[in-house]
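First the structure, in the form of structure tokens, and then the observations on it.
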Protein chains: 2
Amino acid sequence: MYSVFMSTPERLIESTRELLWERGYVGTSPKAIQQHAGAGQGSMYHHFAGKPDLALAAIRRTAEEMRATADAVLGGDGSAYARIESYLLRERDVLKGCPVGRLTMDPDVIASDELRAPVTETLDWLRDRIAGIVEEGRSQGEFTDALVPQDIASTVVATVQGGYVLARSSGSPAAFDTAVRGLLALLAAARTPPARS
Amino acid sequence: MYSVFMSTPERLIESTRELLWERGYVGTSPKAIQQHAGAGQGSMYHHFAGKPDLALAAIRRTAEEMRATADAVLGGDGSAYARIESYLLRERDVLKGCPVGRLTMDPDVIASDELRAPVTETLDWLRDRIAGIVEEGRSQGEFTDALVPQDIASTVVATVQGGYVLARSSGSPAAFDTAVRGLLALLAAARTPPARS
DNA sequence: GTCTATATCCCGATAGAC
DNA sequence: GTCTATCGGGATATAGAC
């Protein structure tokens, strides 16, 4: 399943990431992880204390990767609107859902402060990052002063997370795109008339 | 757990609804349902073919209830904006998430056409219902013609679904409210200047 | 580090007595 | 309609050999 040059702990973490994404924490068993990683029972428990420990390593890595990806897009060139647009239109595995956001629906993740922490931190970071861009756009006169950066940023993040829900419900990525199109139209309407990019 | 006047099948369905809401399909076992309902093993399998059969009855009822609740709010008085605002601000058990939307993150629900159908139908119905209101607002000159009803309606539904994600991530209903506030500000900006309610 | 064996419990269901 | 018994398998480890 993985390159022979990848160490056993590494294969275990990567396997856990994929299974958490596909089936969630509750739906992922140690046995399934071992089979996916091509590792034995004893091997897994030698490197990790148990399922929660391994899941924590996997979730942390997924969270970090998501922050890096988002930061690269949001830190690009262009107006505030353009950068938010880039983020909203970036390529996504829409039907698989958000590997971080989906964990909020996992009762065992939410019940554990340790497992939930990377999720909270990542979504908070993303919202603040976008809020900063909205604030920039506002001070440049691109957006109306009426917009509250934190509120708009929350709406942007929520639309993406909810877009995944609509896509998975309908079985088509188009539902995600439709929600994003609506948000972009609303954001465009909130731009001040003079300055267009 | 329930009134003695509720029949066993009824208690089983209601218990399943609550457990599906709290723990999802994968995280809900027949045994847990039986204990919650105060019913025995044999009793459950007498009234229902198995876990999927019982879950289907529970999901259908939850979906129907959600449509009725939403329809009551969306069919109220006032401008298009006012009715969408009422929907967005209606009371919710925010930290528990959406009992319908959360099912889209359940791999076994998505894998089953029968179990997924009520979810798809409900979210589609909701989007169309809201799109009709946006269309009304547009033809009344309340909203810019630039708004595409289906797109805006998808954004509204997505913001709500994503709002649940943000709330559960942060452990506070306030995150939901923030996203809604942002959306309402954007919708307000898309209203045509002359007609205000 | 990795393997197999073992343990205890739960899962989802069936069978048949009452 | 409800109960208990039973089933084959999986969940989540621990123990100890190699």
Side-chain angles (χ1 to χ4, degrees), chain A residues 1-59 103 105-112 114-115, chain B residues 1-59 103 106-112 114-116:
Chain A
M1 202 67 99
Y2 292 106
S3 155
V4 270
F5 299 113
M6 206 180 278
S7 69
T8 298
E10 205 55 31
R11 290 198 321 272
L12 284 165
I13 291 177
E14 289 302 314
S15 293
T16 304
R17 291 180 62 195
E18 289 179 27
L19 290 171
L20 284 181
W21 196 1
E22 278 173 30
R23 305 204 33 92
Y25 183 85
V26 170
T28 299
S29 69
K31 186 175 190 175
I33 294 170
Q34 292 150 25
Q35 287 174 342
H36 191 280
Q41 193 101 325
S43 202
M44 172 185 142
Y45 284 101
H46 172 74
H47 294 289
F48 298 94
K51 177 177 165 177
D53 185 40
L54 182 45
L56 182 58
I59 292 174
L103 296 171
M105 295 304 152
D106 238 303
D108 291 3
V109 171
I110 292 301
S112 156
E114 247 194 324
L115 292 180
Chain B
M1 202 66 97
Y2 292 107
S3 155
V4 270
F5 299 112
M6 207 180 278
S7 68
T8 297
E10 205 56 29
R11 290 199 319 274
L12 284 165
I13 292 176
E14 288 302 314
S15 293
T16 304
R17 290 180 61 195
E18 290 180 27
L19 290 171
L20 284 181
W21 196 1
E22 279 174 30
R23 304 201 36 88
Y25 183 86
V26 170
T28 298
S29 69
K31 186 176 190 177
I33 294 169
Q34 292 150 24
Q35 288 174 341
H36 191 280
Q41 192 103 325
S43 201
M44 174 186 141
Y45 283 100
H46 172 74
H47 294 289
F48 298 94
K51 177 177 165 177
D53 185 40
L54 181 46
L56 182 58
I59 292 174
L103 297 171
D106 238 303
D108 292 3
V109 170
I110 292 301
S112 157
E114 248 194 322
L115 293 180
R116 191 186 51 228

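Numbered from 1 within each chain, the chains take letters A, B, ... in sequence-line order.
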field: Under 4.0 angstrom between B/T8 side-chain N/O and D/dT2 OP1 or OP2
entry: yes
field: Nucleotide C/dA13, atom P - distance to CG of B/D53 in whole Å
entry: 10 Å
Length of the line joining A/K31:NZ and C/dC10:C1', which is rounded to integer Å: 14 Å
statement: Between OH of B/Y45 and P of D/dT4 the distance, given in whole Å, is 16 Å
Protein-nucleotide distance (A/F48, atom CZ; D/dA13, atom P), rounded to Å: 14 Å
task: To the nearest 0.5 Å, tell me how far A/L54 CG sits from A/L12 CG.
output: 6.0 Å
task: Return the value, rounded to whole Å, for the distance between atom CD of B/Q41 and atom C1' of C/dA15.
output: 12 Å
Gap separating the OG1 atom of A/T8 from the OH atom of A/Y2, nearest 0.5 angstrom: 12.5 Å
- request: For the side chain of B/H46, starting at C-beta, report the closest nucleotide among C/dA13, C/dG1, D/dG1.
  value: D/dG1
Criterion side-chain contact (heavy atoms from CB on, under 4.5 Å) against A/T16, the qualifying member of A/L19, A/I13, A/L20: A/L20
task: Starting at atom CE of B/M44, determine the distance to atom P of D/dT4, rounded to an integer number of angstrom.
output: 16 Å
- line: Residues A/P107 and B/E22: closest non-hydrogen pair is CB-O, 3.8 Å
query: Rounded to the nearest Å, what distance is computed from the CD atom of residue A/Q34 to the C1' atom of nucleotide C/dG1?
result: 14 Å
- prompt: Do A/R11 and A/E14 meet the salt-bridge criterion of a basic N to acidic O distance under 4.0 Å?
  reply: no
- request: Check the distance between D/dA11's P and A/L19's CG and give it to me in whole angstrom.
  value: 11 Å
message: Within the 4.0 Å heavy-atom criterion, would you say B/G42 contacts the bases, only the backbone, or no part of the nucleic acid?
response: base
message: Once you apply a heavy-atom cut-off of 4.0 Å, does A/P52 come out as touching a base, just sugar-phosphate, or nothing?
response: sugar-phosphate
- prompt: Of all the choices, C/dT2, C/dC11, C/dA13, which nucleotide is nearest to the side chain of B/S29 once you look at every atom?
  reply: C/dC11
- line: Closest of C/dA13, C/dT2, D/dT12 to the A/S43 side chain is C/dT2
